[in-house]
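First the structure, in the form of structure tokens, and then the observations on it.
Numbering of ligands and ligand atoms starts at 1, following listing order. For the single chain, residues carry numbers from 1 onward in sequence order.
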Amino acid sequence: MRKEVVLITGANGEIGHGLIMHLRENENIQVLALDVQQLDPRLQPYCHRFIQGDILDSMLLGRLVAEYEIRTIYHLASILSTKAEYNPEAAHRVNVEGTLNLLRLAVEQARWQGRSVKFLYPSSIAAYGLPDLQTKEKVGKVKEYEWLNPTTMYGCNKLYCEQLGRYYTLFYRQLAADKDMHTIDFRAIRFPGLISAVTLPTGGTSDYGPEMIHHAAEGTPYECFVRPDTRLPFMVMPDAVKSLVDLWAAPRDSLNQLVYNVTSFSPTAEEFRNTVIKAFPDAEITFKPHESRQKIVDSWPAEINDSAACRDWGWKPEYDMQRAFEEYLIPKIRQRYQNE
Ligand code: SER
């Protein structure tokens, strides 16, 4: 008998850390973790098995199909928006071809199992693209089907992979005589900037938020790469993990769409800085906007509309900005740097 597992790609990343720590509380879930980097030793005890490898390695993925019965895939591996701009074609390979490999693996698993395989996909606010700052200031809360003209390779990749998920769920091999009854059950969440107390993001453009607070706690000066008036939606990791797990659990019939916005609080960079300074009065945070990264952030909405998620699967963040800082970020980050 093949072992029943939940596959998590990008297991060593920010969301991977949060998700694996969360799933450990559920003893029935055996996590098969995959990452191109070594796994953080703190996560090791919570994984049934860790495999260091590349999602572009189809031989490796083929071996997983043979060995495991994969019921759910959380496909978290991705190259974030700033890093992707330094080598857009390489980012495309990882973000798109990697996702295609996982979708194919999911379909193959579904055929073996005679039931659909759930495929959870973190998409992003980067899927949106507003033409200029004036538009950003006047559009208000952006809905899932609005302003989908991303300006980054990462944003294009995320938007296209959402479409691939839709294709594999609804239309895969639609002309084949033996077309599959059992395909995948794709569910995507467009995340705002995420902030974790445990890890720092690598290569994102919303990173100024988490970087400000981690630098303050560490006692090192920080130059914020966007203007003080820059507004973006953010969310803390416990809410991000909760949204993934809640969407996973939602009955298929209640879902009217495959892709959902979620959001929590939308401060300006200055409001973010002021809140950090309140907790760490000695923190040195200055502003030195980076022209190109600023442009990327200016093309992302200041606020997003998550009413579809609220309606269809009861989404509600547990942390507003005050609670996020007071009960999660400040105490946990302080603890992290005190222990180092
Ligand atoms: N946090 C991501 C980035 O900045 C957006 O999804 O690239």
Identified side-chain contact (heavy atoms from CB on, under 4.5 Å) counterpart of T205 within the set L232, T82, L80, T152: T82
Heavy-atom gap F191 to ligand 1 smaller than 4.0 Å: no
OH (Y160) with more than 12 external heavy atoms under 6.0 Å: no
Protein heavy-atom partner closest to atom 1 (N) of ligand 1 - residue, atom, separation in Å: S206 OG, 2.9 Å
Y86 OH: over 12 foreign heavy atoms closer than 6.0 Å: no
Residue and atom name of the nearest protein heavy atom (relative to atom 4 (O) of ligand 1), distance in Å to one decimal: T205 N, 2.5 Å
Part of F234 with heavy atoms under 4.0 Å of ligand 1, whether side chain, backbone, both or neither: neither
Y260-R187 side chain donor-acceptor pair, cut-off 3.5 Å: no
Qualifying residue, where the test is side-chain contact (heavy atoms from CB on, under 4.5 Å) with L32 and the options are I8, T9, I51: I51
Numbered atoms of ligand 1 (with element) below 4.0 Å of S81, judged on heavy atoms: 3 (C), 4 (O), 7 (O)
R104 bridged to E97 by N-O distance under 4.0 Å: no
Protein heavy atom at shortest distance from atom 5 (C) of ligand 1: S124 OG, 3.3 Å
Which of the ligand 1 atoms, numbered from 1, are nearer than 4.0 Å to a heavy atom of L80: 7 (O)
